[in-house]
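The next block holds one structure in the form of structure tokens; read it before the comments.
Within every chain, numbering begins at 1; the chains are lettered A, B, ... in the order of the sequence lines, protein sequences first and strands thereafter. Predicted model, so just to flag it, every value in this text is computed and none were measured.
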Number of protein chains: 2
Amino acid sequence: MPASTEWVLHCATSLAQLDERASASTNQLAEYFDLPRAYLAKQLKALVKAGVLTATTGPRGGFRLARPPAEISLLDIVEAVDGGADPYECREIRQQGRGALSAEACRHTCVLAAKMAEAHEAWRSSLAGVTLAEILDQIPDWAPARTRSILGGG
Amino acid sequence: MPASTEWVLHCATSLAQLDERASASTNQLAEYFDLPRAYLAKQLKALVKAGVLTATTGPRGGFRLARPPAEISLLDIVEAVDGGADPYECREIRQQGRGALSAEACRHTCVLAAKMAEAHEAWRSSLAGVTLAEILDQIPDWAPARTRSILGGG
DNA sequence: GAGGTTCTACTCGGATAGTTAGTGTCCGAGTCGCCATGG
DNA sequence: CCATGGCGACTCGGACACTAACTATCCGAGTAGAACCTC
């Protein structure tokens, strides 16, 4: 799993701590976490494309959440940058080589692939059950004010 | 996730269909699924190191299950080749940059990392609940005999 | 024909190149805010 | 003092190099079995 996943999770959490109308730019977020500016922008763009963030251009512009924190799950964020595809890709090797099965025998999906898909679904379900609002509930009370102060203040 | 994960899952399933004392070599398995021989051997070696398979050398040698199929879960196989580490690695970016938190504030683990770890644990739990014996129950009745025939017969 | 020995062929194991995805970087197009200017 | 036009700086967005992991491959050490020779 890419390291950028952690970046966007923290960035989204930080954006969730801002005021309703406020936004943070790539530069602000990159300096806040000491991350490569341009590459971070690439990831944030993916979040915009996925509908998790909205981007405003020009001075005082930047990114903000597209929906209330209660309506954004960790799964939305992770899959926005990771693609949302099951990491286990069934390449149907059961149809290759000396032991190749007939097309008839492969009408139902591979049992192993099904079990792997179930596990992936369990993972997705776990992340889908956690929203940014719940994350905000679990951070210290003084954190939001501090985040706003440091992100906003040059 | 590496493509070799699918290889070892299918190989382990095939080995589970053999007789108690029988074994299959890298060559046999590679030809059975039309896979690169040497690279497959690398993965099988990892399974041996993890204690899932046992290897016997010399003619008529090869690999066999180290335990009964009922005692080998898909998780055992996957983690043997994948390393078993959580794909999400918390690099503690909250302690970097302008917004770096004090060491005091980071005494408890990052909430985001905890949630990601929970999801990973859900994934592991799902795979740990599926054994090779259950997989064998779900494949057609004629499959084991066919596998033995093709794997054994040159 | 039986036993011992040699020999071969087959097995796994570690060290070595090639390829793709992830990582990092740069520059360009567009837009909002600020400042100077004129009324 | 207020409205307006221009300017500048900051923003996001896409196109171009670099690194690490996965993929693929080769060759060597060791061993079980078979064949052969001897008795």
Side-chain angles (χ1 to χ4, degrees), chain A residues 1-8 11 15 21-31 33-64 66 78 80-89 91 93 96 151-152 154, chain B residues 1-8 11 15 21-31 33-64 66 78 80-85 87-89 91 93 151-152 154:
Chain A
M1 179 170 287
S4 51
T5 304
E6 184 185 4
W7 304 358
V8 295
C11 285
L15 290 176
R21 293 294 171 186
S23 61
S25 68
T26 300
N27 259 327
Q28 289 173 319
L29 290 170
E31 289 188 0
F33 292 113
D34 189 24
L35 301 176
R37 175 182 54 184
Y39 190 37
L40 175 61
K42 200 187 195 66
Q43 313 302 332
L44 294 176
K45 184 186 68 165
L47 287 177
V48 172
K49 190 174 183 181
V52 176
L53 301 183
T54 58
T56 56
T57 180
R60 307 266 306 169
F63 298 92
R64 74 188 67 175
V78 171
V81 296
D82 221 45
D86 190 336
Y88 178 83
E89 181 186 356
R91 290 174 174 78
I93 67 171
Q96 298 177 0
L151 262 185
Chain B
M1 180 171 289
S4 51
T5 305
E6 184 186 5
W7 305 358
V8 295
C11 286
L15 290 176
R21 293 293 171 187
S23 62
S25 69
T26 300
N27 260 328
Q28 289 172 319
L29 290 171
E31 291 187 0
F33 292 114
D34 188 26
L35 301 176
R37 177 181 53 183
Y39 188 39
L40 176 61
K42 199 186 195 68
Q43 313 302 330
L44 294 176
K45 185 186 66 164
L47 287 178
V48 172
K49 190 174 183 181
V52 176
L53 302 183
T54 59
T56 57
T57 179
R60 307 264 306 168
F63 299 92
R64 75 188 65 178
V78 171
V81 297
D82 221 44
Y88 178 85
E89 182 186 355
R91 292 174 172 77
I93 66 173
L151 262 185

Residue pair A:Arg64, A:Thr56: steps toward the side chain to side chain contact (heavy atoms under 4.5 Å, CB included) verdict: CA-CA 8 Å; A:Arg64 74 188 67 175; A:Thr56 56; 4.1 Å; yes
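With rounding to the nearest 0.5 angstrom, the CG atom of A:Leu44 is 4.5 Å from the CZ atom of A:Phe63.
Following rounding to the nearest Å, B:Lys42 (NZ) and D:dC22 (P) show an atom-to-atom distance of 11 Å. Between A:Gln28 atom CD and D:dC10 atom P the separation is 12 Å, expressed in whole Å. The separation between A:Leu47 atom CG and D:dG13 atom P is 11 Å, rounded to whole Å.
With the nearest nucleotide of DNA chain D identified for both A:Gly58 and B:Met1, A:Gly58 has the one nearer the 5' end. When each of A:Ala38 and B:Asp82 is assigned the nucleotide of DNA chain D with its nearest heavy atom, A:Ala38 is the one assigned upstream, toward the 5' end. Each of B:Ala55 and A:Pro36 has a nearest nucleotide on DNA chain C; the 5'-most of these lies closest to B:Ala55. Heavy-atom distances to DNA chain C give each of A:Arg60 and A:Leu40 a nearest nucleotide, and the one nearer the 5′ end belongs to A:Leu40.
Shortest non-hydrogen contact noted between B:Leu151 and B:Gln28 is O-NE2, 3.2 Å. Minimum heavy-atom separation, A:Val48 to A:Ala55: CG2-CB, 4.0 Å.
Within 6.0 Å of CZ in A:Arg91 there are more than 12 heavy atoms belonging to other residues, nucleotides or ligands.
Interface limits on DNA chain C: the 5'-most and 3'-most nucleotides within less than 4.0 Å of chain B heavy atoms are C:dT11 to C:dA15.
Note on A:Asn27: every side-chain N or O is 4.0 Å or more away from OP1 and OP2 of D:dC10. Residue B:Tyr39 places none of its side-chain N or O atoms closer than 4.0 Å to OP1 or OP2 of D:dT25.
You'll find the side chain of B:Ile93 stays beyond 4.5 Å of the side chain of A:Asp34, heavy atoms only.
For D:dT31, the base has no donor-acceptor partner in the side chain of B:Thr57 [N/O atoms by modelled type, under 3.5 angstrom].
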